[in-house]
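Report on the following structure.
Chain letters run A, B, ... following the sequence lines, proteins first, then strands; residues in each count from 1.
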Protein chains: 2
Amino acid sequence: MAGIEEVAQKAGVSTATVSRALSGRGYVSERTRNIVQSAASELGYVVSSTASGLASGRTRNIGVVVPLLSHWYFANVVEGAETALLRRGYDTTLYNLTGGEAERRSVFTHFLLRKRVDAVIAINLELTADEVSALHDLRKPLVGIGGPIPDVPTLELDDFQVAKLATSHLTSLEHRRIAHIGGGREFDVDFHLPTTRRRGYESALADAGIAIDDALVRTADFTMKGGYVAAKQLLGSPANRPTGIFAASDDMAIGAILAARDLGLSVPNDVSVVGVDDNQQAPFFDLTTVAQFPKRQGETAVDLLLAELGESIAKPTELTLPFELVVRGSTSRPQD
Amino acid sequence: MAGIEEVAQKAGVSTATVSRALSGRGYVSERTRNIVQSAASELGYVVSSTASGLASGRTRNIGVVVPLLSHWYFANVVEGAETALLRRGYDTTLYNLTGGEAERRSVFTHFLLRKRVDAVIAINLELTADEVSALHDLRKPLVGIGGPIPDVPTLELDDFQVAKLATSHLTSLEHRRIAHIGGGREFDVDFHLPTTRRRGYESALADAGIAIDDALVRTADFTMKGGYVAAKQLLGSPANRPTGIFAASDDMAIGAILAARDLGLSVPNDVSVVGVDDNQQAPFFDLTTVAQFPKRQGETAVDLLLAELGESIAKPTELTLPFELVVRGSTSRPQD
DNA sequence: CTGAAAGCGCTAACAT
DNA sequence: ATGTTAGCGCTTTCAG
């Protein structure tokens with residue numbers, strides 16, 4: 001375990017120069033840098049992050065906080081962020097808040113404050129003013145993904161437009177009876193995603209001159225099963241069966257497709273289905289959906305954060321996340 | 001940002017005592033400890049992990065290395081590990097190796113060596129002797145999940161018995177024509193999981209006096225689509241259609257169920273299907289499967305590791321991971 | 001059981 | 001462009 005001293009000796013320079021050569025801060029001649037770098041790699045020298053962190057106040061470690069790692073979306077955001085960070089020489093320290101209020105509090109009052117991280121990415125978390133200011137007091141930059149947090153730059157998906165796009169796809173195919181499977185009230189905490197998506201759906205209907213029919217709106221829990229159950233209700237009703245369904249997630253949309261099949265209805269001939277996400281299963285089920293790009297979201301958050309930390313990175317100016325309609329085989333004009 | 005000095009002052013003791021009181025190492029009287037603790041919490045003092053790490057050589061941070069975070073299994077193992085670590089006051093630093101050989105090398109020759117972590121959990125990675133000894137030279141304990149690594153304690157699932165259990169479930173229901181959808185050669189690197197599961201399948205058949213028929217063995221890529229395609233082949237063949245299918249993962253098993261449906265075959269009446277994993281979708285598809293418990297696997301790895309680090313934790317003695325047959329509606333006696 | 005003081009290994013003025 | 005040196009904020013001997 002060689003130390004900086006040995007590298008300095010071997011390279012015939014001072015430890016300060018070694019530090020400068022290896023970290024890239026301060027002036028070092030090309031020549032010296034090369035000498036130092038080869039000395040370091042010959043000795044297998046790697047800086048001690050604790051020593052460097054103590055001396056400089058920078059750890060090259062970013063905290064990433066998620067509500068539930070085992071969910072497709074979060075795992076992908078984290079994966080994207082981790083990859084981008086690693087490429088820049090940063091470590092990723094993960095905080096998964098599945099353990100309830102006490103765990104969340106301990107993360108924010110203890111773990112994030114012990115100066116292990118230079119900055120924090122908060123995914124889909126509505127941070128309290130206290131949580132934000134504790135971090136700001138420590139001069140830790142903070143960026144959010146998924147919804148507005150006061151005083152924090154946040155990457156947001158325009159859920160209204162996403163829903164409107166999905167629904168408009170159906171109206172443009174001349175569907176008139178379009179159902180919506182959205183999220184229940186229990187998912188409306190934090191950033192009101194279910195309500196916003198529902199409003200987008202309604203707006204698209206309004207644009208097409210279609211009256212809103214509450215009987216065509218169901219709520220579920222974002223799972224396949226929830227979508228299945230809701231779709232059974234919608235499609236089983238003898239009168240007024242919808243010819244199109246907009247589900248607020250791919251999982252629910254896939255549930256709806258399976259429900260249609262079980263009722264002997266053909267997708268898309270009898271009923272068209274659109275989802276949101278473009279998750280792993282969407283291509284297999286040939287699902288038309290509005291894609292969002294969680295990995296890229298993680299990368300963008302990293303760019304934003306590192307730019308704030310003063311790394312030479314073009315700071316993303318657009319904080320609105322991209323989305324895109326992916327048309328596959330689950331939608332078509334209504335039959336007859 | 002109070003420092004240890006201020007806490008010491010407020011509590012009327014030396015910084016050494018504060019350190020001992022807060023870290024729990026060394027003797028401190030009950031009374032003093034209480035005084036120190038309240039002084040610390042009143043001041044909002046949290047130790048600086050860099051300073052503490054530099055002075056003590058311990059970071060209270062564990063590195064977790066996975067091949068692909070966005071996969072159900074890995075996300076769950078990491079989630080289990082993170083939860084267990086957080087409870088013990090440890091941070092989790094994540095390394096996701098999706099970026100290929102260069103990334104892997106940089107993680108092992110650089111990131112893991114800069115003394116940011118006290119120990120490493122390697123999930124489903126066949127570490128080279130060099131990788132292992134680099135870590136051992138730094139006195140970093142290492143535990144593996146998923147396959148044997150020389151000189152490293154590793155939690156292993158007995159894939160042979162898992163496959164045998166799944167297949168025996170079918171033979172015990174008196175199926176005689178049992179197909180297997182396994183993993184292809186490209187998944188046989190690292191720990192030879194596909195081969196081992198196939199041997200378990202064959203062993204169960206042998207026990208039941210059933211001859212092995214290569215026409216009933218297909219390989220796929222562990223996805224729904226792969227399972228679907230393989231099952232279509234198996235179930236579409238006019239002669240010799242199997243009455244049971246053992247798929248080496250739930251995703252492939254679900255693909256097989258969907259293939260059967262598309263052929264107009266009923267599950268389980270015309271064909272029974274068993275998977276491995278008990279993943280999130282398994283209950284919805286009413287899939288009989290051999291469950292493994294990734295979250296618990298992560299927790300067990302943490303217990304093993306922290307015991308090696310000298311934390312007061314009962315060291316798990318059983319390094320073989322539990323599994324369990326979960327019988328749902330996708331299997332029954334063959335009809336006729 | 002507690003205090004004094006010497007580092008832990010590096011970085012960042014400051015000087016040259 | 002490089003060297004000198006004083007810390008960074010703790011932990012841990014060693015004394016008492």
Side-chain angles (χ1 to χ4, degrees), chain A residues 1-37 39-40 43-61 89 110 113-118 138-139 309-310, chain B residues 1-37 39-40 43-61 89 110 113-118 138-139 309-310:
Chain A
M1 272 194 356
I4 198 173
E5 194 91 22
E6 294 164 62
V7 178
Q9 219 140 65
K10 176 151 188 159
V13 297
S14 70
T15 60
T17 299
V18 173
S19 172
R20 286 189 284 250
L22 262 28
S23 70
R25 341 190 108 233
Y27 301 98
V28 189
S29 74
E30 188 65 32
R31 212 178 95 72
T32 311
R33 184 193 313 287
N34 288 144
I35 296 175
V36 171
Q37 279 171 345
L43 292 170
Y45 170 77
V46 178
V47 314
S48 156
S49 65
T50 49
S52 163
L54 178 58
S56 70
R58 278 172 277 100
T59 63
R60 296 190 80 78
N61 186 198
H110 186 82
L113 304 184
R114 52 178 166 181
K115 291 175 199 145
R116 191 190 288 303
V117 301
D118 289 340
L138 284 178
R139 330 231 75 119
L309 286 175
Chain B
M1 272 194 358
I4 199 173
E5 194 90 22
E6 296 164 61
V7 178
Q9 219 140 65
K10 177 149 186 159
V13 296
S14 69
T15 60
T17 299
V18 173
S19 172
R20 285 188 283 250
L22 262 28
S23 71
R25 343 188 107 235
Y27 301 99
V28 189
S29 74
E30 188 65 32
R31 209 177 98 73
T32 310
R33 184 194 312 286
N34 288 143
I35 296 174
V36 170
Q37 280 172 344
L43 292 169
Y45 171 76
V46 177
V47 313
S48 155
S49 65
T50 48
S52 162
L54 177 58
S56 69
R58 277 171 275 101
T59 63
R60 297 190 80 79
N61 186 199
H110 187 81
L113 303 184
R114 53 177 163 179
K115 291 173 200 149
R116 195 192 286 305
V117 301
D118 290 338
L138 284 178
R139 334 230 72 122
L309 286 175

In whole angstroms, how far is the [atom2] atom of [N] from the [atom1] atom of [X]?
X     : N     : atom1 : atom2 : value
B:L54 : D:dC8 : CG    : P     : 13 Å
A:L22 : D:dT2 : CG    : P     : 14 Å
B:Y27 : C:dC1 : OH    : P     : 8 Å

Let me check something: any side-chain donor-acceptor pairs from residues 12-19 of chain A under 3.5 Å, sequence neighbours excluded? List them with distances.
residue : atom : partner : partner atom : Å
A:S14   : OG   : A:A16   : N            : 3.4
A:S14   : OG   : A:T17   : N            : 3.3
A:S14   : OG   : A:T17   : OG1          : 3.3

Inter-residue atom distance A:S49.OG - A:L54.CG, 0.5 Å rounding: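 It is 11.0 Å, given to the nearest 0.5 Å.
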Point-to-point distance, once rounded to the nearest 0.5 Å, from CZ of B:R116 to OG1 of B:T59: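 So the CZ of B:R116 and the OG1 of B:T59 are separated by 9.0 Å.
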Residues in salt bridge (charged side-chain N to carboxylate O under 4.0 Å, His left out) contact with A:R114, at least two apart in sequence or another chain: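 With neighbours one apart ignored, the set is B:D91.
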All salt bridge (charged side-chain N to carboxylate O under 4.0 Å, His left out) counterparts of B:R33, not counting sequence neighbours: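 Residues passing salt bridge (charged side-chain N to carboxylate O under 4.0 Å, His left out) with B:R33: none at all.
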Side chain proximity check, A:L309 to A:D118, heavy atoms < 4.5 angstrom: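 Counting from C-beta outward, A:L309 and A:D118 do come under 4.5 Å.
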Test item: B:N34 and B:Q37 side chains (from C-beta on) under 4.5 Å apart, heavy atoms: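 Yes, at least one pair of side-chain atoms sits under 4.5 Å.
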Side chain to side chain donor-acceptor pair (under 3.5 Å) contacts in which one or both residues fall within residues 20-30 of chain A, not counting sequence neighbours: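 The answer is A:S29-A:T32.
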Close residues, residues 29-37 of chain A, relative to DNA chain C [heavy-atom separation under 4.0 Å]: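 Contacting residues: none.
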Where protein sits on nucleotides 10-16 of chain C, one letter per nucleotide: B base, S sugar-phosphate only, - none, heavy atoms under 4.0 Å: BBBB---
